[in-house]
There are 2 protein chains.
Amino acid sequence: MNSPQRMRRATIRDVARAAGVHPSTVSRALGNGGQANALVNAETRARILRIAAELNFRPDIAARTLKTGQSHTVGVLLPDLTNPLFPPIVRGLEDRFAEDGFVVLLGNTDDDAQRGELVLEGLLSRGVDALVVATARRDGTQFLELSRRLPIVLINRVFDDQLVPSVATDEVAGVRMAVEHVYRLGHRRIAHVAGPQDLSTGRNRYRGYVAEMGRLGLTVEDSMVCRAGLYSPDEGSRCARELLQGPHERPTAIVAANDMLAIGCYQALHALGLNCPEDVAIVGFNDAPFSDLLSPPLTSIRFPHYQVGLEAAQLVLERIADPSAPIKVIFLPPELVVRGSTCTKSTT
Amino acid sequence: MNSPQRMRRATIRDVARAAGVHPSTVSRALGNGGQANALVNAETRARILRIAAELNFRPDIAARTLKTGQSHTVGVLLPDLTNPLFPPIVRGLEDRFAEDGFVVLLGNTDDDAQRGELVLEGLLSRGVDALVVATARRDGTQFLELSRRLPIVLINRVFDDQLVPSVATDEVAGVRMAVEHVYRLGHRRIAHVAGPQDLSTGRNRYRGYVAEMGRLGLTVEDSMVCRAGLYSPDEGSRCARELLQGPHERPTAIVAANDMLAIGCYQALHALGLNCPEDVAIVGFNDAPFSDLLSPPLTSIRFPHYQVGLEAAQLVLERIADPSAPIKVIFLPPELVVRGSTCTKSTT
DNA sequence: CTGTTAGCGCGTTCAG
DNA sequence: CTGAACGCGCTAACAG
């Protein structure tokens, strides 16, 4: 409590005056460049740092930004933070960025073009050094253009031509793991409750199912696939009934495109008097937080969302450091979480 | 595609040159002050605005910040975005702030004092105009001091002396609603699975239970309360067994301090061969996203997290506009969501 | 190794 | 109503 409370924050000039040096010396002493070790006398530097700390000095980033054009700030554009997919991603971004002194500016777009435009403006005018984009419905070319002026990293969204760095979870690999898992357990009649086919997730997961069935030498019968219109328990239930009640031989395993759909499958099984996993095994997708609370606990595919955030941040930092660095596209593999819905293991 | 692609963004000077006026005229035309209507000739102004739009001009906020000291940026300090409590709050903050052109800078502290300090520094040095604080473990006096220099709004954390504006959910009222609900259904032996008593949530909810039991003229017997050590299904199950198996008369309703604990109660009932809601009614707390997926669907207390965000942002904006505005402390009441775990209503 | 000078883009004086 | 000049706080370039 020795320093008097001042309303105005201490500036670099205050520190300079107190240390009896020139402001620019202070600037150098604060090691802005990184190679600051040799730029200023060691003991002068020590004194300056001490005094700066005493005065509770904090560099004004606005001024630095104005001067250097670097805001040490990264904009994150996403549809809706409330979607449980995103918090771990944002957390990952933030954690990695924090290591390098970067901060995250958040922008929710609601997948609304107009709001998206507005939010984007807001971020750009604040001089973000880079952009992380996780919004789905947006004209790709727009980002391609932007990416020439600003490092941009896409999340869960890869351009076919791979001209923009991206990090995505490998959904196809995920479904393949699910199908292979039940195959190894002895199942041969493996059905798929597909997600909405107008969403990329629905399509990709369906493709993964088809691909893995092919690899295993199993034929994909039409009667073994049902497409849900929504990712909802009701649609899952409808599809499961259709798959289980048809005239064909009953499937012994169902791979659902999503945990919500899997819950619907549970309900259908229950209504039809069938047991899981004895009569029908079920695999979900996403490993939602409640998956292990169901009975039986749901086997599911878990995605490394936090790592996606970490990797994306890493990519951003690399491109800020060297904008001409090669464009990387990273696919992160998911993990199979085996629980009671596919294995009869007695739980105490 | 008529304007040539330039790397550097258009500045106020470019606009001035193109419009044949002085930069300061452009600055005025862009209506920074608000009372700009009379400061500049209407048609000159119109022309400038048109040209600005053509040139895709966006004011550099860093420069503006440097000049005015207002960054139109608000820092949000929270322990962990991954906690499902926070995304809707942040969303509410963002939505309200967006209306006034403010943007959210995110900072996760992990309730770690050191990291918290670092993050706080980062936000302050970026010149945030205000702070929204939702971290729990922090010396209150620190914020009291800060709040003299900067508008601060606390979330879910109220100082006894109410010297800092805050928005919080009314947890006591929530438990009271839960208890009253089952009372109205005819229950008299109402038990409570309390949360950890070293957390404010656990304490507040326990207090609410005691208060409402008192109001209803019911005595709080020791045997009707069990304290969980964690908010986990396992602890919930342990407590429920204790409550249900004791030598005393069995409770007919259990009010749990949290949905996780309520799930544990389900498991205990199941293990003991009891039915919900016929034998024992159960009320959860928080209305987690999975609550309506359980069987029976869980009656729970829902908190208006999104509104908390909205209100907090509103408070912040009010205090930015007038730092001497009166200090408000807002409690938002929760909502009772009645589902199958307390009412026998046949579900198709 | 340190002091000097200039300017980033904008808003706000103060004259005209 | 508009032009001119200045400075916010910091850093980069050039001298010394």
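Convention: sequence-line order gives letters A, B, ...; per-chain numbering from 1. Source: prediction; values computed, not measured.
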> Can you check the A:Arg47 CZ to C:dT2 C1' distance for me, whole Å?
Replying inline: 12 Å
>> Once side-chain hydrogen bond (donor to acceptor under 3.5 Å, both in side chains) is applied, do any residues pair with B:Arg47, and if so which ones, sequence neighbours excluded?
In response: none
> A:Thr44 side chain: which of D:dT11, C:dT2, C:dG9 is closest?
Replying inline: C:dT2
> Checking side-chain contact (heavy atoms from CB on, under 4.5 Å) for the pair A:Val74/A:Val128: CA distance, chi angles, key distance, verdict?
Replying inline: CA-CA 5 Å; A:Val74 177; A:Val128 292; 5.8 Å; no
> Over how many whole Å does the gap from B:Gln70 atom CD to C:dT12 atom C1' extend?
Replying inline: 15 Å
> CZ of B:Phe57 versus C1' of C:dG11: gap in Å, rounded?
Replying inline: 12 Å
> Tell me: CZ of A:Arg126 to P of C:dG9, nearest whole Å?
Replying inline: 18 Å
> Bend angle of the helix from C:dC1-D:dG16 to C:dG16-D:dC1 from five-pair axes at both ends, rounded to 10°?
Replying inline: 40°
> Among C:dG9, D:dT11, C:dT12, which is the nearest nucleotide to the side chain of A:Arg64?
Replying inline: D:dT11
So which protein nitrogen or oxygen atoms get under 3.5 Å of nucleotides 3-6 of chain C's nitrogens or oxygens?
{"from": "C:dG3", "atom 1": "OP2", "to": "A:His22", "atom 2": "N", "distance (Å)": "3.0"}
{"from": "C:dG3", "atom 1": "OP2", "to": "A:Thr25", "atom 2": "OG1", "distance (Å)": "2.7"}
{"from": "C:dG3", "atom 1": "N7", "to": "A:Arg28", "atom 2": "NH2", "distance (Å)": "3.0"}
{"from": "C:dG3", "atom 1": "O6", "to": "A:Arg28", "atom 2": "NH1", "distance (Å)": "3.2"}
{"from": "C:dT4", "atom 1": "O4", "to": "A:Ser24", "atom 2": "OG", "distance (Å)": "3.3"}

> B:Arg13 CZ to D:dG3 P: how many Å, rounded?
Replying inline: 15 Å
>> Taking side-chain contact (heavy atoms from CB on, under 4.5 Å) as the criterion, tell me which of B:Leu49, B:Ile51, B:Ile12 meets it with B:Val26.
In response: B:Ile12
>> Within the 4.5 Å heavy-atom criterion, are B:Val132 and B:Leu77 side-chain neighbours or not?
In response: no
> Do side-chain atoms of B:Arg91 reach the backbone of A:Thr82 as a donor and acceptor pair under 3.5 angstrom?
Replying inline: no
> Would A:Ile152 and A:Leu146 satisfy side-chain contact (heavy atoms from CB on, under 4.5 Å), going step by step from the backbone distance to the final call?
Replying inline: CA-CA 8 Å; A:Ile152 293 193; A:Leu146 252 178; 3.6 Å; yes
>> Testing the 3.5 Å rule here: is there a donor-acceptor pair between the side chains of A:Glu311 and A:Gln307?
In response: no
> If only atom types and distance count, is the side chain of A:Thr25 paired as donor or acceptor with the main-chain N or O of A:Val21 below 3.5 Å?
Replying inline: no
> Roughly, in whole Å, what's the span from CD1 in A:Ile12 to P in D:dC10?
Replying inline: 5 Å
>> In whole Å, I'd like the distance from the CG atom of A:Leu66 to the P atom of C:dG11.
In response: 12 Å
>> Between B:Arg126 and A:His72, does the side-chain contact (heavy atoms from CB on, under 4.5 Å) criterion hold? Intermediate values first, please.
In response: CA-CA 9 Å; B:Arg126 274 170 186 80; A:His72 282 229; 3.4 Å; yes
